[in-house]
Amino acid sequence: MTWSVSSCFITLVVLFLWRVDEFTEACTCMIVHPQHAFCKADIVIRAKVVGVKAVSGNTHYDVQQIKMFKGPNQDIHVIFTGGPCRAFLETNKEYLFTGRLNTDGTVHVIMCDFIQSWEALRDTQMRSLTLRYQSGCDCKIIRCNALPCPISAPDECLWMAIGQSGPWDNIACIKRGDGSCAWYKGMAPPK
């Protein structure tokens with residue numbers, strides 16, 4: 001091969017690999033605390049996936065709503081997902097969904113939303129959906145991957161994303177009477 005042909009070939013390979021890297025990183029999701037996902041979502045429901053169909057490049061999951069934790073006063077029957085970050089769900093399985101409510105009343109989820117099989121949730125997480133997460137939405141959960149991690153305001157709770165006994169040791173970041181926030185760890189509520 002001549003030098004110019006080799007050079008063109010190498011350039012094409014580099015461009016191709018760069019594009020592949022761009023697609024593979026399009027859906028890299030950070031781990032978020034369930035309370036953060038709850039507070040940022042328009043809708044939080046427990047539902048069972050009862051059917052699936054592909055429509056115009058998107059996936060529509062027929063769901064049977066079991067409980068609405070946050071959202072409009074209406075039953076949700078279909079959850080939409082699509083694009084490169086689409087969520088992949090199993091039929092006949094119950095999930096906790098956090099997602100976006102579109103202006104037309106439809107629910108849209110992607111794999112970066114907090115979507116967890118119901119059976120994988122801890123009892124404390126299930127209780128926090130109705131008792132604690134909403135009361136902590138004024139608090140900020142600051143994710144920390146390696147110490148030291150500074151907290152700059154009293155309304156922040158420092159969260160080590162992966163603890164020794166799992167990432168959810170800190171159950172909920174709750175606003176206290178003095179306006180500051182602190183972790184509720186399943187004992188008496190913070191004062």
Side-chain angles (χ1 to χ4, degrees), residues 22-141 143 157 159 161-162 166-175 181 183-184 186 189:
E22 188 176 292
F23 286 119
T24 58
E25 293 197 18
C27 293
T28 301
C29 306
M30 281 194 347
I31 297 172
V32 296
H33 191 278
Q35 177 180 336
H36 179 78
F38 179 97
C39 293
K40 295 297 181 195
D42 297 327
I43 191 162
V44 180
I45 63 170
R46 175 184 178 189
K48 181 178 182 176
V49 176
V50 294
V52 60
K53 59 186 164 199
V55 178
S56 302
N58 292 316
T59 305
H60 295 193
Y61 289 101
D62 294 321
V63 297
Q64 177 184 21
Q65 180 178 314
I66 298 167
K67 180 154 178 80
M68 173 78 67
F69 296 101
K70 180 181 178 184
N73 191 14
Q74 68 185 46
D75 281 347
I76 304 300
H77 300 286
V78 178
I79 292 179
F80 300 89
T81 188
C85 294
R86 75 181 64 231
F88 295 94
L89 308 170
E90 296 177 39
T91 55
N92 297 317
K93 191 169 184 177
E94 289 182 21
Y95 291 91
L96 174 68
F97 292 98
T98 66
R100 299 284 165 239
L101 187 62
N102 297 324
T103 54
D104 63 359
T106 59
V107 176
H108 183 124
V109 299
I110 59 172
M111 74 173 166
C112 294
D113 291 323
F114 190 82
I115 302 169
Q116 183 76 39
S117 74
W118 187 256
E119 65 189 25
L121 293 175
R122 293 182 179 179
D123 288 343
T124 53
Q125 289 174 309
M126 292 177 194
R127 284 193 303 275
S128 292
L129 287 166
T130 55
L131 300 174
R132 295 179 193 95
Y133 289 162
Q134 186 68 46
S135 65
C137 285
D138 290 335
C139 299
K140 295 181 189 123
I141 297 175
R143 185 171 190 252
C157 290
W159 175 55
I162 304 296
W168 317 122
D169 291 338
N170 293 317
I171 296 169
C173 179
I174 304 294
K175 185 162 258 187
C181 295
W183 285 113
Y184 172 80

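Note that the numbering runs from 1 along the sequence shown for the chain.
The line from CG of Leu96 to CD of Glu119 is 13.0 Å long, rounded to the nearest 0.5 Å. How far OG of Ser135 is from CD1 of Ile174: 3.5 Å, rounded to the nearest 0.5 Å. The line from CZ of Phe69 to CD of Gln134 is 12.5 Å long, rounded to the nearest 0.5 Å. Note: Lys40 NZ to Cys137 SG = 8.5 Å, rounded to the nearest 0.5 Å.
By the side-chain contact (heavy atoms from CB on, under 4.5 Å) test, Thr98 pairs with Ala37, Ala41, Val44, Asp113, Phe114, sequence neighbours left out.
Side chains of Asn58 and Ser56: a donor-acceptor N/O pair is absent below 3.5 angstrom, by distance only. No side-chain donor from either of Tyr95 and Arg46 sits under 3.5 Å from a side-chain acceptor of the other.
Side-chain atoms of Tyr184 and Leu131, non-hydrogen and from C-beta on, never get closer than 4.5 Å to each other. Using a 4.5 Å cut-off on side-chain heavy atoms (C-beta onward), Asn92 and Lys48 make contact. Put simply, the side chain of Glu94 reaches to within 4.5 Å of the side chain of Ile66, judged on heavy atoms. Two residues are said to be in side-chain contact when any heavy atoms from C-beta on lie closer than 4.5 Å; Ile79 and Val49 fail this criterion. Using a 4.5 Å heavy-atom cutoff, the side chains of Ile171 and Arg127 are not in contact. Side chains of Val107 and Val78 form no contact here, defined as non-hydrogen atoms less than 4.5 Å apart.
The neighbour count for Asn73 CG, taken as heavy atoms of other residues, nucleotides or ligands under 6.0 Å away, does not exceed 12.
A donor-acceptor pair under 3.5 Å is formed between the side chain of Lys70 and the backbone N or O of Cys39. Judged by distance alone, with hydrogens and angles left aside, the side-chain atoms of Thr81 form no donor-acceptor pair with the main-chain N or O of Thr59 at under 3.5 Å. A donor-acceptor distance shorter than 3.5 angstrom exists from the side chain of Gln35 to the backbone of Cys173, with no hydrogens or angles considered. Between the side chain of Asp42 and the backbone N or O of Arg100, no donor-acceptor pair lies under 3.5 Å. The main-chain N or O of Ile76 is found under 3.5 Å from a side-chain atom of Gln65 such that the two form a donor-acceptor pair. Looking at Arg143, its side chain does come within 3.5 Å of a backbone N or O of Ile31 through a donor-acceptor pair. Side chain of Ser128 to backbone of Thr124: a donor-acceptor contact under 3.5 angstrom is found.
Val50 and Gln64 make their closest contact through CG1-CB, 4.2 Å (heavy atoms, listed as atom of the first residue, atom of the second, distance). Taking both residues in full, the closest heavy atoms of Cys27 and Met111 are given as CB-CE, 2.7 Å, listed atom of the first, atom of the second, then distance. Taking all atoms of both residues into account, the shortest heavy-atom contact from Tyr61 to Val52 is CE2-CG2, 3.4 Å. Val63 and Ala47 make their closest contact through CB-CB, 4.0 Å (heavy atoms, listed as atom of the first residue, atom of the second, distance).
Ring geometry for Phe38 against Tyr133 counts as tilted: the plane angle lies between 30° and 60°, on a 0 to 90° scale.
For the two cysteine residues Cys157 and Cys181, the thiol sulfurs sit 2.5 Å or further apart. On the SG-SG cut-off of under 2.5 Å, Cys112 and Cys85 do not qualify.
The six-membered or imidazole ring of Phe80 lies away from that of His108, with a centre-to-centre distance of 6.0 Å or more.
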